[in-house]
Amino acid sequence: MILEQIDKKLLALAKESDEKLKDIYDEIDKTCLLNSNRILSAFIENNVSYTDFTDINGYGNYDSGRDKLEKIFASVLGCEDALVRPQIMSGTNALYLAFSALLKHGDTMISLSGAPYDSLQEMIGLFGNSSQSLKAHGVKYEQIDLVDNRFDLAAIVKRLAENDVKLVEIQRSRGYSQRKSLTIAQIEEVIDEIRAVNKDVIIMVDNCYGELVETREPGHVGADLVVGSLMKNLGGGIAPTGGYIAGRKDLIGMVAERLTAPGIGKELGANFNMNNAFFKGIFMAPNATRSALKTAVFTAYMLEKLGFDNISPRFDEYRTDIIQTVELKNKDNLVRFTQGIQESSPIDSFVKVMPAPMPGYPFDEVMASGSFTQGSTIELSADAPVIEPYTLFMQGGLTLEYGKLSILLALTKIMNK
């Protein structure tokens with residue numbers, strides 16, 4: 001039994017945390033209620049019916065359920081239209097689909113949040129020699145780094161006033177970096193500054209890990225395109241695959257034609273009998289996100305009390321995504337913590353986590369992910385590049401109770417090494 005393996009001092013500290021964290025948990029509950037209200041209202045407004053779960057195969061013509069689902073996603077994300085498909089296999093796939101639809105030879109894109117997530121760097125062409133990277137297709141790349149975890153507004157305004165940039169990209173979450181994730185208020189501020197000098201540039205937000213953490217999404221504050229994965233927040237731990245791209249109707253039309261073919265756009269695409277899971281996933285997403293946030297807050301609290309100091313966010317800091325990081329000081333702590341998460345996972349608990357190469361990443365990785373959906377990060381998972389300062393990136397947790405058990409076992413493994 002998991003509880004019997006956990007250090008008794010940790011159990012006492014966990015019990016103490018329930019009272020200490022009550023006010024923070026209450027705020028998370030309030031956000032969950034407001035987001036649930038928006039999602040339930042979208043279901044009712046779009047007249048979702050049991051017949052919308054019908055399995056449509058072949059070309060996927062006349063799928064009213066798919067159409068309603070995409071209207072719900074658009075509404076929830078503050079956008080005009082959306083593309084929500086099982087054919088989009090991951091967040092990286094969704095981002096590449098959007099980039100390749102909107103950027104042509106000679107176009108310039110700028111990352112406004114510094115270097116993007118590792119897997120995107122090869123997609124762009126910053127390393128590797130893929131013939132399908134944006135760089136290989138003649139797309140020019142620039143980036144403007146954050147300054148003290150904030151957008152460099154002066155540099156952004158100066159550069160975009162030149163009106164020769166096709167698209168700017170904002171990565172809301174930190175990725176494998178030490179910078180903080182970006183809040184909706186920060187994204188709203190930079191969009192307002194951009195629109196004051198440039199009305200035409202496409203503003204795209206990588207929304208992975210951030211959905212439903214706040215009460216507004218990037219679409220509500222002026223983003224032209226919002227991109228993410230259904231194996232993260234908006235899948236609710238139920239969607240078995242899929243991704244979404246939401247935004248301006250004309251841009252979604254271009255992306256849809258890239259996915260299918262010119263002249264076909266959104267009209268094709270069989271749902272592989274996944275409509276029910278996709279509807280149920282977004283319906284349950286506020287609760288899954290709430291649980292992931294509470295698990296992250298609990299983790300930060302426990303680590304701080306045990307003397308780990310480089311923790312982000314701190315347990316009482318404002319959060320804009322579900323990622324929790326901590327510097328575990330050495331390779332042994334990093335490996336032991338991820339092993340503890342894996343050993344307390346419902347799936348593949350018998351697997352022993354060890355550092356190993358991973359496609360798309362430049363360093364050996366450790367990854368704990370015993371999830372019902374392979375690669376799901378709304379389910380509790382932890383991963384890290386095995387390099388100094390040995391920073392662990394943890395996310396997810398479908399319930400606080402399961403999250404507590406996993407975290408407490410992982411911490412026991414570090415304490416009793």
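Keep in mind the model is a prediction, meaning the values are calculated, not measured.
Using a distance-only test at 3.5 Å, with no hydrogens or angles considered, no donor-acceptor pair links the side chain of E267 to the main chain of N61. No donor-acceptor pair closer than 3.5 Å links the side chain of S381 to the backbone N or O of S369. Listed for the Q186 side chain is a donor-acceptor partner under 3.5 Å among the backbone atoms of N149. At distances below 3.5 Å, not a single donor-acceptor pair connects side-chain atoms of E379 with backbone N or O atoms of S371. A donor-acceptor pair under 3.5 Å is formed between the side chain of N35 and the backbone N or O of L212. Under a 3.5 Å cut-off, the side chain of S344 and the backbone N or O of I341 do form a donor-acceptor pair. Judged by distance alone, the side chain of N46 and the main-chain N or O of A42 form a donor-acceptor pair under 3.5 Å. A donor-acceptor contact shorter than 3.5 Å is absent between the side chain of N207 and the backbone of G210. In this structure, Q121 contributes its side chain and P116 its backbone to a donor-acceptor pair below 3.5 Å. With hydrogens and angles disregarded, no donor-acceptor distance shorter than 3.5 Å links the side chain of R290 to the backbone of T31.
Contact of the Q395 side chain with the D321 side chain is not registered, since no non-hydrogen atoms from C-beta on lie closer than 4.5 Å. In this structure the side chain of R85 reaches within 4.5 angstrom of the side chain of L259, judged on heavy atoms. Using a 4.5 Å heavy-atom threshold, the side chains of S291 and L398 count as separate. Counting only heavy atoms from C-beta outward, the side chains of V139 and M109 approach each other to under 4.5 Å. Contact of the N57 side chain with the N273 side chain is not registered, since no non-hydrogen atoms from C-beta on lie closer than 4.5 Å. A 4.5 Å side-chain heavy-atom check between V366 and F337 finds every atom pair outside the cut-off. Residues V190 and L153 form a side-chain contact, since some pair of their non-hydrogen atoms from C-beta on lies under 4.5 Å apart. You'll find the side chain of L405 stays beyond 4.5 Å of the side chain of L409, heavy atoms only.
Minimum interatomic distance between E317 and K180 (heavy atoms only, all atoms of both residues): OE2-NZ, 3.0 Å. Heavy atoms only, all atoms of each residue included: V76 and E217 are closest at O-CG, 3.7 Å. Across every non-hydrogen atom of S173 and S181, the tightest pair is CA-OG, 3.6 Å. The heavy-atom pair separating I170 from I203 by the smallest distance is CD1-CG2, 4.4 Å. Contact between M123 and T92 at its shortest, heavy atoms only, is CE-O, 3.5 Å. Of all non-hydrogen atoms in V353 and M367, the two that sit nearest each other are CG2-O, 3.5 Å.
Between R174 atom CZ and S113 atom OG the span is 13.0 Å, to the nearest 0.5 Å. Taking OG1 of T377 as the reference point, atom CD1 of I322 lies at 6.0 Å (rounded to 0.5 Å). Within the model, atoms CD1 of I202 and CG of D250 stand 8.0 Å from one another, a figure rounded to the nearest 0.5 Å. For the atom pair CG (L380) and OG1 (T299), the distance works out to 7.5 Å, reported to the nearest 0.5 Å. In this structure, F279 CZ and D52 CG are separated by 5.0 Å, a value rounded to the nearest 0.5 Å. The structure places CZ of F43 at 4.5 Å from CD1 of I72, a figure rounded to the nearest 0.5 Å.
In Y402, the OH atom is not crowded: 12 or fewer heavy atoms of neighbouring residues, nucleotides or ligands sit closer than 6.0 Å. Within 6.0 Å of atom OH in Y141, more than 12 heavy atoms from other residues, nucleotides or ligands are found, so the atom counts as buried in its surroundings. No more than 12 heavy atoms of other residues, nucleotides or ligands sit less than 6.0 Å from atom CZ of R258. Atom CE of M89 sits in a sparse spot, with 12 or fewer heavy atoms from other residues, nucleotides or ligands closer than 6.0 Å. Around the NZ atom of K20, the shell of radius 6.0 Å holds no more than 12 heavy atoms that belong to other residues, nucleotides or ligands. In this structure, K71 places its NZ atom where only 12 or fewer heavy-atom neighbours from other residues, nucleotides or ligands lie under 6.0 Å away.
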Legend entry - CA sep, side-chain torsions, deciding dist, call: V205, L225, side chain to side chain contact (heavy atoms under 4.5 Å, CB included): CA-CA 6 Å; V205 177; L225 217 61; over 6 Å; no

Inset, instruction - Could you walk me through whether D192 and V221 pass side chain to side chain contact (heavy atoms under 4.5 Å, CB included), step by step? - result: CA-CA 9 Å; D192 288 345; V221 298; over 6 Å; no

Legend entry - Test side chain to side chain contact (heavy atoms under 4.5 Å, CB included) applied to L328 and V326, step by step: CA-CA 6 Å; L328 289 173; V326 58; 3.9 Å; yes

Inset, instruction - Begin with the C-alpha distance, continue with both residues' side-chain angles, and end with the deciding distance and a verdict on salt bridge (Lys or Arg N to Asp or Glu O under 4.0 Å) for E214 and R319. - result: CA-CA 8 Å; E214 300 189 57; R319 292 174 183 265; over 6 Å; no

Inset, instruction - Would you sort out whether I311 and E327 count as a side chain to side chain contact (heavy atoms under 4.5 Å, CB included), showing the intermediate values? - result: CA-CA 7 Å; I311 296 168; E327 290 182 17; over 6 Å; no

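With respect to the salt-bridge test (charged N to carboxylate O, under 4.0 angstrom), the residues D67 and K266 do not qualify. One finds a salt bridge joining D26 and K22 here, because a Lys/Arg side-chain nitrogen approaches an Asp/Glu carboxylate oxygen to under 4.0 Å. In summary, E211 and K232 do not engage in a salt bridge, as defined by a charged side-chain N under 4.0 Å from a carboxylate O. Using a 4.0 Å cut-off between charged side-chain N and carboxylate O, E388 and K331 make no salt bridge. Ion pairing of R336 with D332 is present here, as a side-chain N (NZ or NE/NH1/NH2) and a carboxylate O approach within less than 4.0 Å. Between D316 and R314, none of the side-chain N atoms (NZ, or NE/NH1/NH2) sits under 4.0 Å from a carboxylate O, so this pair counts as no salt bridge. Using a cut-off of 4.0 Å between Lys/Arg side-chain N and Asp/Glu carboxylate O, R195 and D224 are scored as salt-bridged. Salt-bridge check for E343 with K413: passed, with a basic side-chain N closer than 4.0 Å to an acidic carboxylate O. A salt bridge does not link D206 with R172: none of the charged nitrogens is closer than 4.0 Å to a carboxylate oxygen. At a threshold of 4.0 Å, the pair R150-E189 counts as salt-bridged, since one of the basic side-chain nitrogens sits closer than that to a carboxylate oxygen.
No hydrogens or angles considered: nothing links the side chains of Q342 and S349 as a donor-acceptor pair under 3.5 Å. The closest side-chain donor-acceptor pair between Y25 and E27, if any, does not fall under 3.5 angstrom. Between the side chains of T338 and D383, no donor-acceptor pair of N or O atoms lies under 3.5 Å.
Because its NZ or CZ atom is both nearer than 6.0 Å to the ring centre of F308 and within 45° of the ring axis, K329 counts as a cation-pi partner of that residue. Judged by a 6.0 Å distance limit and a 45° cone about the ring axis, K404 is positioned over the six-membered ring of F298.
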